[in-house]
Amino acid sequence: GSCSEDGIDVDLTLESTSVTVSCSSGSWSSGAIDISGEADTTNFDLTAAHSDLAGNVASAATTVVKDTSVSTVTITSPAVINSNNVSSYSLSGTCSEDTVMVDIFIGALNFQPTCSSNAWSLSGLDITSESDSASLAITADHSSATQATTTVVKDTTSPEVTSISAPTNGYYKSGDTLSFTIGFNENVIASSVTSYIEIGLGLGTKQASYVSGSGTSSLVFTYTVQNGDNDTDGISISNSNIVLSSGSFEDNYGNSIDLALDKNISLPNLSSVIVDTSVPTVTLDSLPNITAANVSSYSVTGACSENSQTVN
């Protein structure tokens with residue numbers, strides 16, 4: 001600062017720290033003063049007092065901000081970006097400088113929330129323009145803080161059916177099981193599921209219910225043939241979609257499966273999967289007694305219901 005009395009000291013007070021410097025050529029300079037022991041404050045008091053030989057005293061005062069804290073910023077562990085939240089994504093973290101902007105990048109997308117109460121948050125973000133990735137980069141910059149970085153999985157692709165393993169060709173009777181294994185292009189997790197595949201059987205439709213496969217890429221659906229079920233020209237898959245009544249089928253990242261059975265493949269031909277629960281009949285005609293005349297060439301006749309099948 002400036003002073004009027006060359007050769008006379010200027011007494012400086014910086015909060016509780018006192019320093020004396022000499023006035024020279026109408027100015028003074030304190031040089032380096034260690035005030036690390038003083039508390040940070042938005043009103044740090046500095047005063048300068050300077051007297052002449054007659055004892056007259058002049059003083060000057062001002063305040064400055066003392067803030068020596070290191071700025072910080074963090075990113076709270078981000079949720080996976082999937083088909084459910086990709087157009088309304090939320091992200092949050094902490095920050096040290098209230099009212100100061102936090103500069104966020106998710107891939108190439110930029111968002112700039114303001115730090116408030118040592119926290120920042122974003123919601124309703126549309127991340128659809130970023131490609132799916134196993135490690136989509138997220139960064140956060142804030143004041144002089146060291147950049148915070150992390151990555152997040154972005155997977156918005158639904159598992160799709162890639163194969164259908166149907167019952168082998170042949171005849172099925174009451175109590176037999178018709179089993180269908182639906183293959184997907186990734187593992188599927190079933191949660192509280194009630195689901196089935198519709199089967200055309202005779203003049204009606206039956207339900208092959210989901211029974212197993214959660215955590216694998218193959219879901220198994222079965223139907224147990226009942227008395228009265230008959231289809232002489234082969235069964236069929238009558239609905240090209242898996243029916244999901246309740247619960248969920250999802251991949252490891254929360255994407256629901258594509259329910260279409262024939263999006264990537266054709267439905268199998270099941271015309272040779274025959275269901276026959278009719279009990280065959282067999283009767284004996286009225287037969288002659290066995291005598292010495294016919295004992296070596298005795299004939300037996302009767303009626304039967306299944307043409308071309310052996311009567312034992």
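These numbers come from a predicted model, not from an experiment. Keep in mind that the numbers below use all heavy atoms, side chains included, and drop hydrogens, waters and symmetry copies.
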Enquirer: Which atom names give the shortest non-hydrogen contact between S51 and E5, and what distance separates them?
Expert: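 Scanning both residues completely, I find the closest heavy atoms to be O-CG, 3.7 Å.
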Enquirer: Going from OG on S87 to CD1 on I81, what distance comes out if it is rounded to the nearest 0.5 angstrom?
Expert: 11.5 Å
Enquirer: Does H50 use its side chain to pair, donor to acceptor, with the backbone of D9 at less than 3.5 Å?
Expert: yes
Enquirer: Roughly how far, to the nearest 0.5 Å, is CD of E198 from OG of S236?
Expert: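 Taking OG in S236 and CD in E198, the distance rounds to 10.5 Å.
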Enquirer: Are the side chain of S135 and the backbone N or O of T151 linked by a donor-acceptor pair below 3.5 Å?
Expert: no
Enquirer: Any donor-acceptor pair under 3.5 Å linking the side chain of T216 with the backbone of G213?
Expert: yes
Enquirer: Could you give the distance from OG (S158) to CG (D251), rounded to the nearest 0.5 Å?
Expert: 7.5 Å
Enquirer: Got a donor-acceptor contact below 3.5 angstrom from the Q226 side chain to the T224 backbone?
Expert: yes
Enquirer: When you measure from the side chain of D98 to the backbone of S117, do you find a donor-acceptor pair of N or O atoms at a distance under 3.5 Å?
Expert: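 Yes: the side chain of D98 pairs with the backbone of S117.
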Enquirer: Are I265 and T162 side-chain neighbours, meaning at least one heavy-atom pair lies under 4.5 Å?
Expert: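 The answer is no; the side chains never approach within 4.5 Å.
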Enquirer: Would you indicate whether the side-chain heavy atoms of V193 and S248 approach each other to under 4.5 Å?
Expert: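 They are not in side-chain contact.
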Enquirer: For F221 versus A208, what's the shortest heavy-atom pair and its separation?
Expert: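 Closest approach of F221 to A208, heavy atoms only: CD2-O, 3.4 Å.
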Enquirer: Would you say I189 ends up clustered with L219 if hydrophobic residues are merged whenever their side chains have heavy atoms under 4.5 Å apart, either directly or through other cluster members?
Expert: no
Enquirer: Going by atom types only, do S69 and D67 share a side-chain donor-acceptor pair under 3.5 Å?
Expert: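 There is such a pair (donor and acceptor under 3.5 Å, judged by atom type) between the side chains of S69 and D67.
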Enquirer: Kindly indicate, with the supporting measurements, whether the criterion side-chain contact (heavy atoms from CB on, under 4.5 Å) is fulfilled by T20 and L12.
Expert: CA-CA 6 Å; T20 298; L12 299 179; over 6 Å; no
Enquirer: Can you name the nearest heavy-atom pair linking S96 to S71, along with the distance?
Expert: OG-CA, 3.2 Å
Enquirer: Pair T94, N118 - check side-chain hydrogen bond (donor to acceptor under 3.5 Å, both in side chains), show working.
Expert: CA-CA 6 Å; T94 64; N118 297 124; over 6 Å; no
Enquirer: Pick out which of D155, T156, N255 makes a side-chain hydrogen bond (donor to acceptor under 3.5 Å, both in side chains) with S83.
Expert: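 Testing each of D155, T156, N255 against S83, the sole residue satisfying side-chain hydrogen bond (donor to acceptor under 3.5 Å, both in side chains) is N255.
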Enquirer: Between S24 and C3, which heavy-atom pair has the shortest distance, and what is it?
Expert: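 Scanning both residues completely, I find the closest heavy atoms to be N-SG, 4.2 Å.
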Enquirer: Treating D231 as the side-chain partner and G234 as the backbone partner, does any N or O pair qualify as donor plus acceptor under 3.5 Å?
Expert: yes
Enquirer: Does the pair S2 and S27 meet the rule for a side-chain hydrogen bond (donor to acceptor under 3.5 Å, both in side chains), with working shown?
Expert: CA-CA 4 Å; S2 62; S27 65; over 6 Å; no
Enquirer: Write down the atom of L261, the atom of I197, and the distance for their closest heavy-atom approach.
Expert: CD1-CG2, 4.4 Å
Enquirer: So, are D276 and K173 salt-bridged, with charged N and O less than 4.0 Å apart?
Expert: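 No, this pair does not count.
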Enquirer: Would you tell me whether S271 and N269 have side-chain atoms, one donor and one acceptor, within less than 3.5 Å of each other?
Expert: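 On atom types as modelled, these side chains qualify, holding a pair under 3.5 Å.
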Enquirer: I'd like to know if the side chain of T41 reaches the main chain of N43, judged simply by a donor and an acceptor atom lying under 3.5 Å from each other, with no hydrogens or angles considered.
Expert: yes
Enquirer: What pairs of residues pass the ring-ring contact (aromatic ring centres under 6.0 Å, His included) test when at least one of them lies in residues 80-136, not counting sequence neighbours?
Expert: none
Enquirer: Look only at the side chain of T310 and the backbone of N312, and say whether a donor-acceptor pair between them is shorter than 3.5 Å.
Expert: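 A pair under 3.5 Å: no.
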Enquirer: Strictly distance-based, threshold 3.5 Å: is any side-chain N or O of T291 a donor or acceptor partner for the main-chain N or O of A293?
Expert: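 It does hold such a pair.
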Enquirer: State, without any angle test, whether T222 and T177 hold a side-chain donor-acceptor pair at a distance under 3.5 Å.
Expert: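 No - no donor-acceptor pair under 3.5 Å links their side chains.
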Enquirer: Under 4.5 Å between side-chain heavy atoms, hopping through other hydrophobics if needed: is there a path connecting L14 to W28?
Expert: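 Yes, same cluster.
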Enquirer: Please table the atom pairs, donor to acceptor, closer than 3.5 Å between any side-chain atom in residues 178-187 and protein atoms at least two apart or in another chain.
Expert:
| from | atom 1 | to | atom 2 | distance (Å) |
| --- | --- | --- | --- | --- |
| N185 | OD1 | E160 | N | 3.0 |
| N187 | OD1 | S217 | N | 3.3 |

Enquirer: Considering residues at least two apart in sequence or located in another chain, which fulfil the side-chain hydrogen bond (donor to acceptor under 3.5 Å, both in side chains) criterion with S131?
Expert: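 Applying side-chain hydrogen bond (donor to acceptor under 3.5 Å, both in side chains) to S131 gives none.
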Enquirer: Quick one: do H142 and D103 satisfy side-chain contact (heavy atoms from CB on, under 4.5 Å)? Show the steps, please.
Expert: CA-CA 6 Å; H142 176 57; D103 197 25; over 6 Å; no
Enquirer: Mind checking side-chain hydrogen bond (donor to acceptor under 3.5 Å, both in side chains) for S16 and listing every partner two or more places apart, or none if nothing turns up?
Expert: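 Listed in chain order: E38.
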Enquirer: Please determine whether side-chain contact (heavy atoms from CB on, under 4.5 Å) holds for the pair V102 and T114, giving the CA-CA distance in whole Å, both sets of side-chain angles, and the decisive distance to 0.1 Å.
Expert: CA-CA 6 Å; V102 181; T114 298; over 6 Å; no
Enquirer: State, yes or no, whether a side-chain contact exists between V65 and F44 at a heavy-atom distance under 4.5 Å.
Expert: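 Sidechains of F44 and V65: no contact.
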Enquirer: Any side-chain heavy-atom pair from D258 and K263 closer than 4.5 angstrom?
Expert: yes
Enquirer: Are any of the side-chain heavy atoms of P78 and I138 separated by less than 4.5 Å?
Expert: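 Yes. Closest side-chain heavy atoms under 4.5 Å.
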Enquirer: Say whether V73 and L125 are linked into one hydrophobic cluster, either directly or through other cluster members, by side-chain heavy-atom distances under 4.5 angstrom.
Expert: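 Both belong to a single hydrophobic cluster.
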Enquirer: Could you give all pairs that pass the ring-ring contact (aromatic ring centres under 6.0 Å, His included) test and reach residues 225-249, with sequence neighbours left out?
Expert: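 Every pair satisfying ring-ring contact (aromatic ring centres under 6.0 Å, His included) with a residue in residues 225-249: Y210-F249.
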Enquirer: Can any side-chain N or O of D34 pair as donor or acceptor with the backbone N or O of S36 at less than 3.5 Å?
Expert: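 Answer holds: yes.
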Enquirer: For a quick test of reading the model, state the closest non-hydrogen atom pair linking C23 to S4 and the distance between them.
Expert: SG-N, 4.1 Å
Enquirer: We want to know whether N227 and T277 form a side-chain donor-acceptor pair, criterion being a heavy-atom distance below 3.5 angstrom.
Expert: no
Enquirer: Could you walk me through whether I199 and I237 pass the side-chain contact (heavy atoms from CB on, under 4.5 Å) check?
Expert: CA-CA 5 Å; I199 304 170; I237 296 177; 5.6 Å; no
Enquirer: Applying side-chain hydrogen bond (donor to acceptor under 3.5 Å, both in side chains), name anything that partners T128, two or more places apart in sequence or on another chain.
Expert: D126
Enquirer: Do Y223 and D229 have a side chain donor and acceptor closer than 3.5 Å?
Expert: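 Yes, because at least one side-chain N or O of Y223 sits under 3.5 Å from a partner of the opposite role on D229.
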